[in-house]
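Structure record follows, encoded as structure tokens.
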There are 2 protein chains.
Amino acid sequence: MSELHLKNALDTLKATGVRITPQRHAILEYLINSMSHPTADEIYKSLEGKFPNMSVATVYNNLRVFREAGLVKELTYGDAASRFDFVTNDHYHMICEGCGKITDFHYPALKEVEHFASHVTGYKVNSHRLEVYGTCPDCLEQKNKQVL
Amino acid sequence: MSELHLKNALDTLKATGVRITPQRHAILEYLINSMSHPTADEIYKSLEGKFPNMSVATVYNNLRVFREAGLVKELTYGDAASRFDFVTNDHYHMICEGCGKITDFHYPALKEVEHFASHVTGYKVNSHRLEVYGTCPDCLEQKNKQVL
DNA sequence: ACACTATTTATAACGATTATCAATTAATAA
DNA sequence: TTATTAATTGATAATCGTTATAAATAGTGT
């Protein structure tokens, strides 16, 4: 099924008039197969075996292309490096404050909040961002060990 | 009432063993009176009249102190500068994608989402972040003008 | 094959933030 | 009040993620 995602993504790019270069193909493939919301640098490092000459700029440039095509979401974290998430269906992120792990979870889109916000502020609403922060099971276990 | 906020904030700091310097006093005061979710640099520039010798580092350092004391929330935006929000009551942010303006709005805290997420992922939930993105009335008006 | 444009690569530049460290200062106790 | 001392400040350099630039390369259509 990741095959299908890749094919759809490539079609979307073609339709927008974007060339499919080997680098773009590889970055997309990596994003789709990755379960880990990688940073640009992680993608860069993971592909340097296949593309010893690829520049970091290429990764950034193409992530922007993908973002503008709606294929990829950028998760920004202030000073820290952005993480990139291949867009499949609507889901939210649960983020561990201990180790930084990101776990996806599904939840019916919060359209009521959008409507409410639009009504109160007079804005035309476009999208929203929701993240939940906490401690993952692994880090919880670690904490328990420390107490003993 | 902003007087009260300031007094409470100073008490909180004292209780944590943090010294009240003139710079800290001024930064806190500015944050409380500001309706605009300022960046560190905006705070720095606004106070350079009063403190011609104050360093940007001091602003950053103290914003971190305030954040760690729970007095201030940092709103991070990837590459762009963080904005700082004096913590009063729970509210969310509506952000204009046109001009960057931030408008507060109140909404009953999304505890159900937290519970749901905790149940599904096994994390211990701590907090969440919700932001709504759209276009503010001013920018909407501008867009309408352009169409004519 | 040719010209034209998109893309890549390498590198320099940028901007926000943090680290460093000597100089200063607020809080505390004598 | 004054002395003491650890916290804080201020100036500057350093860091890090990201973007701009410009030359080299690769596709694409004629």
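Every chain is numbered from 1, with letters handed out A, B, ... down the list of sequences. All figures in this text were calculated on a predicted structure; none of them were measured in a lab.
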Taking the nucleotide of DNA chain C with the closest heavy atom to each, which residue, B:Lys14 or B:Ala40, is nearer the 5' end?
->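 Checking each residue's closest nucleotide, the 5'-ward one belongs to B:Ala40.
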So, [X] versus [Y]: side-chain donor-acceptor pair below 3.5 Å or not?
X	Y	value
B:Gln23	B:Asn62	no
A:His128	A:Glu114	yes
A:Ser82	A:Arg67	no
B:Glu42	B:Tyr44	no

Given [options], the nucleotide with the shortest approach to the side chain of [X]:
X	options	answer
B:Ile20	D:dA11, C:dT9, C:dA27	C:dA27
A:Ala81	D:dT18, C:dT9, D:dA26	D:dT18
B:Ala57	C:dA19, D:dT19, C:dA16	C:dA19
B:Arg64	C:dT18, C:dT8, C:dA6	C:dT18
A:Tyr60	D:dT8, D:dT19, C:dT17	D:dT19
B:Arg19	C:dA26, D:dA26, D:dG10	C:dA26
B:Val18	D:dT8, D:dG10, D:dT18	D:dT8

In whole angstrom, what separates [X]'s [atom1] from [N]'s [atom2]?
X	N	atom1	atom2	answer
B:Ile27	D:dT9	CD1	C1'	11 Å
A:His25	D:dA26	NE2	C1'	18 Å
B:Arg24	D:dT8	CZ	P	4 Å
A:Met54	C:dT9	CE	C1'	11 Å
B:Ile43	C:dA16	CD1	C1'	14 Å
B:Asn61	C:dC21	CG	C1'	13 Å
A:Tyr44	D:dG17	OH	C1'	14 Å
A:Phe66	C:dT7	CZ	P	11 Å

Phosphate OP1/OP2 of [N]: any [X] side-chain N/O under 4.0 Å:
X	N	result
B:Thr21	D:dT9	yes
A:Asn62	C:dT8	yes
A:Ser82	D:dT18	yes
A:Thr58	C:dT9	yes
A:Gln23	C:dT9	yes

Could you tell me whether the side chain of A:Ser118 and the main chain of A:Tyr123 form a donor-acceptor pair under 3.5 Å?
->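 Here the side-chain-to-backbone pair exists.
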N/O donor-acceptor pair, side chain A:Ser55 with base C:dA10, under 3.5 angstrom |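 It does, because a donor-acceptor pair links the side chain of A:Ser55 to the base of C:dA10 below 3.5 Å.
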Do A:Arg129's NZ or CZ and the ring of A:Tyr77 fall within the cation-pi criteria of under 6.0 Å and 45°?
->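 So A:Arg129 does make the cation-pi contact.
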Using a heavy-atom cut-off of under 4.0 Å over every strand shown, decide if B:Asp41 touches base, sugar-phosphate, or nothing.
->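 Answer is nothing: B:Asp41 stays at 4.0 Å or more from every strand.
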